Visitor: 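My questions will all concern the structure given below.
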Amino acid sequence: MEYPFQDIEKKWQKIWQEKKIFNPLNKTDKQNYYVLAMFPYPSGILHCGHVSNYSISDAIARVKMMEGFNVMNPMGFDSFGMPAENYAIQHNSHPRITTEECIEAMHKQFDSVGFGLDWDREVSTCRPDYYRWGQFIFKKLYEKGLVYRKKSFQNWCEECQTVLANEQVENGHCWRCESEVTQKELEQWYFKITEYAEELLDFSKMIEWPERVMTMQKNWIGKSFGTEIDFVLENSMDSCLRRNDEGLEETGELVKVFTTRPDTIFGVTFMALPPEHPYVQRWLAAEPDNKPLHEFCHMVINEDKIERTAEDTTKEGIFSGKYCINPVNGDKVQIWITNYVVMDYGTGAVMAVPAHDQRDFEFAKKYNLPIKIVIQNKEHNLAVETMQEAYIEEGWQVNSAQFDGMENEPAKKAITDWIADKNMGKQTVTYRLRDWGVSRQRYWGNPIPIIYCDDCGVVLVPDKDLPVLLPDNVQVGKTTRNPLLSVPEFVNTTCPQCGKAARRETDTMDTFVDSSWYFARYADPKNDKEPFSKENANSWLPVDQYIGGIEHAVMHLLYARFIHKFMRDLGWVDCDEPFARLLTQGMVTKDGAKMSKSKGNVVDPKYIIDRYGADTLRVFLLFASPPEKDVEWSDDGVMGAFRFLNRVWRLIETYKDTIRKGLSYCSSGQDVSGQFKDLQYSTHHTVKKWLDDTEKRMQYNTAIAAVMEHLNNVTSIKEPNKLNEAELAVFARACVIIPRLLYPFAPHIAEELWQQLGNKHLIHESGMPTYKPERLIRDTISYVIQINGKVRGKMDIAPDTPDEKVKELALEVENVKKTLEGKTIHKIIVIPQKMVSIAIS
RNA sequence: GCGAAAGUGGCGGAAUGGCAGACGCGCUGGACUUAGGAUCCAGUAGGCGCAAGCCUGUAGGGGUUCAAGUCCCCUCUUUCGCACCA
């Protein structure tokens, strides 16, 4: 007989909804607790990954409710983006319609799992009441000088008329139309996230973040210290002024290089520039007939970005015909245009030191460029003729003028100081992090609130005109170009400043912008005066516990931290970080692989819920592994969870009258023995373990295991209806704790059984379960006796036995005596309440 | 290549320096059954032994410790992130 999970689950979902227990006010006399799992893209189909993620946040929320917090666990939808456009095309519909349908479907499906979500606070990024404030934030960023437009080379598909991300380029061809991808210089909007690079490296305000996420962000930001050195361009067209000992001096234009190895500056034998470098672009323009140069640059620029930046790509280059002067020794060095230097790191120019940099070495070998040793190995003398690879280890400075003989490490600083002193450069810091390009040539996204006027230039849309509404009358899929370009009533507008005809920006924002502040909107989701009020934001933020996949370790979490810090700087919110604690949960796999349609290994949660109930599915997913690890799907595992819940049901259903009677008896616990003493211990011990696992460790698999173990202890009592009063009191208390311990994981069955045992309140209203430490004291303690690290005996003795007596007793144990025969004891160590360790010769 | 995490029975996993394998699955045997994807009982790391008990065992090797899956060093494997970053 299976327990009636279908009736129970519907019943309690209705009660929770009616009592609005998951719809917290912003201010109550309780302390606020904000738990948030990353909002989903509304695919319309609930999959096991959703159930797994939101089962974790739901468990946390319910534990915190039991603890007496005012808990917010909101839900919304990350509903802009490319997949919605594609979905609409497939279904011959419009993204607004299909997206809203999907949202409704998912809302229902989430409810069918019994998640305690605050739907009153639902946000959906594609709705004007939300994206309006995204545009507002864009404007604020712009006003603070954190938004700019920059021309840069992008993967461009002529056929689709859009920019492609690196991962959307397959072997140099567009992933969608398969036409060749070229590099096009385009104006794109950028957010100056690099302004916050330094603060984003500071993780000290997080209460608990996984080490590896912080490491990934650190690596991504990639701070490195080095020196910027100015090389003077020979025969340059323009000139610039430079300060020297005597005052200002006129020199040629400067080629600035960034290096982490200023100690090798005397070993520079050529300069390497990428074809994108502005000087190179200028030379190209000045020499339209220089065919080899044009061909080489064109080829490199249009090379697939991924391929070009792969380490094993062969280094290629061409001599530009230009020279520059090494400021430290006046050497005239050739300037080469190469494919191995990238424009957007450092200064986009490299001083090449083949003797001490492997890439430069390979390049110099290939093109027969000179190699000059300036760091000498202390043990084996290096010689240019015999070098097989660059020498990048430590050594003495040689051929380095006044620095000869110094060790190269201190020489780095000495040379930098000297260069700075001579105004030839300076110490500097460079980041790998680049500014955030937010322009997308796509329809289904948040319009950028910008108007272009021939007279006034770039003009922000005034606040009163926000939101810039995304027009609906777009033929999705009918055009391959940016769809907004084909909506004249959107494009054509008037300039807010001069009133003349003007046109709108047709790019939309990267959807990562939408997800960079939604957590704050939940605090005040219906505010139509501002993105959220400071009061409400401060009452909830930072998110106490954020939950999401590791795939968002860098992008989303870095962008959200950036925007949050910006909002803080605007005075909108006080805290420095948006997410105090972060849990990166694993994914649900089957046959060792992520569930996906293409692999055909998808399990439909709806089927499991219909057949075994939502509680079973949740218990299975939480029990299978700790939250941060992947869960391997197992049909047998689901059965195991179902069997467990059925056992709980049978126990309490069968004996509910007996248990209720037992609860009315006083339980002093002093008048039982044996099995019942053990059972009483089990009750208190299980609560202790459960509290530790749910509150401190957030390890739900072991919390559930503890409940299972306790259930085994309870069901080992035979014929409970024949117990005496004292025994029954213990038995009843052992039973009644089970629904409460099960509540965060299997809330429906828990509430039902709790009610059947005569309780009038909901479980969370009854507070956290507690245990009595004095009930954890056993009559006897089992000691293990180790000899040289091996277990040689056991003994059960009174817990308050003094250490000296414990030693004596241990030596009396039969097998211990035997093992010790004829041996000398070095040392006896007593670990109180646990073991005796004896070291012998 | 750099950085990070991990490696435990047939499987998922547990063990906060203190009895390795909790709990669940699977499997074996039994009970009840016309029947079982039901329920209940017993067993289940490997080896030796009639037994008491002994030996081996947490990827491999070394070390610290009375005591190591856990801490340290080296090697291997896997996964993830970054990747010509000057």
Side-chain angles (χ1 to χ4, degrees), chain A residues 1-2 210-220 222 224 226-227 257-261 264 272 274 306 308-315 338-342 344-353 357-360 362-363 430-432 550-551 553-554 619-620 623-626 628-644 646-647 650 689 692 696-697 699 701-712 715-716 718 782-794 814-815 818-819 825-831 833-840:
Chain A
M1 249 271 287
E2 293 172 355
E211 202 57 47
R212 68 170 174 151
V213 174
M214 295 191 285
T215 307
M216 280 161 77
Q217 294 203 354
K218 256 179 217 153
N219 292 343
W220 186 266
S224 59
T227 309
V257 300
F258 171 77
T259 181
T260 54
R261 293 294 306 274
T264 65
I306 300 215
R308 176 169 156 199
T309 54
E311 205 169 351
D312 47 9
T313 306
T314 31
K315 293 169 181 44
T338 70
N339 66 344
Y340 77 94
V341 178
V342 294
D344 36 11
Y345 181 75
T347 57
V350 169
M351 59 172 224
V353 187
D357 182 283
Q358 187 57 25
R359 296 153 301 182
D360 299 341
E362 284 167 31
F363 192 85
T430 291
Y431 301 91
R432 208 187 70 96
I550 188 72
E551 66 272 19
V554 175
V619 167
F620 162 71
F623 178 66
S625 71
E628 67 277 5
K629 286 181 72 178
D630 289 350
V631 173
E632 171 69 16
W633 183 267
S634 153
D635 291 332
D636 289 328
V638 175
M639 286 301 302
F642 188 54
R643 268 203 295 266
F644 165 60
N646 272 297
R647 287 181 67 203
R650 269 200 309 277
K689 165 94 177 131
D692 200 38
K696 262 207 337 245
R697 304 202 311 159
Q699 194 152 308
N701 56 332
T702 49
I704 293 170
V707 181
M708 289 174 166
E709 208 171 349
H710 179 62
L711 178 70
N712 290 343
T715 52
S716 69
K718 298 299 163 211
S782 190
Y783 272 77
V784 168
I785 301 141
Q786 281 189 353
I787 296 170
N788 282 357
K790 291 202 160 82
V791 179
R792 295 298 179 199
K794 290 177 186 181
E814 195 56 39
N815 201 46
K818 212 172 78 190
T819 314
I825 297 172
H826 281 301
K827 209 171 175 184
I828 303 179
I829 296 158
V830 176
I831 313 298
Q833 316 295 305
K834 281 203 175 115
M835 66 158 51
V836 181
S837 187
I838 302 167
I840 60 171

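We use all heavy atoms of the structure for the numbers below, so side chains are in, but hydrogens, waters and symmetry mates are not. Below, read A as the first sequence line, B as the second, and so on, with proteins coming before strands; counting in each chain starts at 1. This is a predicted model, so every value here is computed, not measured.
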Visitor: Among B:rC23, B:rC19, B:rG3, which is the nearest nucleotide to the side chain of A:Val791?
Guide: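 The closest nucleotide is B:rC19.
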Visitor: Can you find a side chain N or O atom of A:Ser837 that sits less than 4.0 Å from OP1 or OP2 on B:rG18?
Guide: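 Answer is no, no contact under 4.0 Å.
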Visitor: Using a heavy-atom cut-off of under 4.0 Å over every strand shown, decide if A:Val342 touches base, sugar-phosphate, or nothing.
Guide: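 Here A:Val342 touches the bases of the nucleic acid.
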Visitor: Taking 4.0 Å as the cut-off, does a side-chain nitrogen or oxygen of A:Gln217 come that near to OP1 or OP2 on B:rC82?
Guide: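 No, A:Gln217 has no side-chain N/O under 4.0 Å of OP1/OP2 on B:rC82.
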Visitor: What integer number of Å spans the P atoms of B:rG9 and B:rA5?
Guide: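 It comes out at 22 Å once rounded to the nearest Å.
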Visitor: Using the C1' atoms only, state how far B:rG60 lies from B:rG24, rounded to an integer number of Å.
Guide: 31 Å
Visitor: Less than 4.0 angstrom between a side-chain N/O of A:Gln699 and OP1 or OP2 of B:rA15, yes or no?
Guide: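 For B:rA15, OP1 or OP2 has a side-chain N or O of A:Gln699 closer than 4.0 Å.
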Visitor: Between A:Val341 and A:Arg359, is there a side-chain heavy-atom distance shorter than 4.5 Å?
Guide: no
Visitor: Side-chain N or O of A:Lys834 versus OP1/OP2 of B:rG18: is the shortest distance under 4.0 Å?
Guide: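 So the side-chain polar atoms of A:Lys834 never come under 4.0 Å of the phosphate oxygens OP1 or OP2 of B:rG18.
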Visitor: Of A:Phe642, A:Phe644, A:Trp633, which is the lone residue that meets ring pair (Phe, Tyr, Trp, His ring centres under 6.0 Å) with A:Phe620?
Guide: A:Trp633
Visitor: Any chance you could list the contact pattern along nucleotides 36-48 of chain B? Use B for base contacts, S for sugar-phosphate-only contacts and - for none, protein heavy atoms under 4.0 Å, 5' to 3'.
Guide: -BSSSS-------
Visitor: Quick one: does A:Lys315's side chain get under 4.5 Å of A:Asp360's, heavy atoms only?
Guide: no
Visitor: Is A:Thr430 touching bases, backbone alone, or none of the nucleic acid, heavy atoms closer than 4.0 Å?
Guide: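 Nothing, no heavy atom under 4.0 Å.
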Visitor: Let's see if you can work this out: which of B:rC66, B:rC82, B:rC23 has an atom nearest to the side-chain heavy atoms of A:Asn712?
Guide: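 Of the options given, the side chain of A:Asn712 lies nearest B:rC23.
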Visitor: What distance, rounded to whole Å, do you find between the two P atoms, one in B:rG69 and one in B:rG17?
Guide: 13 Å
Visitor: OP1 or OP2 of B:rG53 sitting under 4.0 Å from any side-chain N/O of A:Arg792?
Guide: no
Visitor: Check the angle between the aromatic planes of A:Tyr345 and A:Phe258 and answer parallel, tilted or perpendicular using the 30° and 60° thresholds.
Guide: perpendicular
Visitor: Please classify the nucleic acid contact of A:Lys790 as base, sugar-phosphate, or nothing, using heavy-atom distances under 4.0 Å.
Guide: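 Contact class for A:Lys790: sugar-phosphate only.
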Visitor: Judged by each residue's nearest nucleotide on RNA chain B, which is more toward the 5′ side, A:Ser634 or A:Ile829?
Guide: A:Ser634
Visitor: Rounded to whole angstrom, note down the C1' distance from B:rG13 over to B:rC23.
Guide: 8 Å
Visitor: Whole angstrom is fine here: how far is it from CG in A:Asn788 over to C1' in B:rC55?
Guide: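 Taking atom C1' of B:rC55 as the reference, CG of A:Asn788 is at 16 Å.
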Visitor: Heavy atoms only: give me the nearest A:Ala624-A:Val631 pair and the separation to one decimal.
Guide: CB-CG1, 3.6 Å
Visitor: Give RNA chain B the dot-bracket treatment, 5' to 3': Watson-Crick (N1-N3 with N6-O4 or O6-N4) or G-U (N1-O2, O6-N3) under 3.5 Å, [ ] crossing, | other strand.
Guide: (((((((..(((.....[....)))((((((.......))))))((((....))))..(((((..]....))))))))))))....
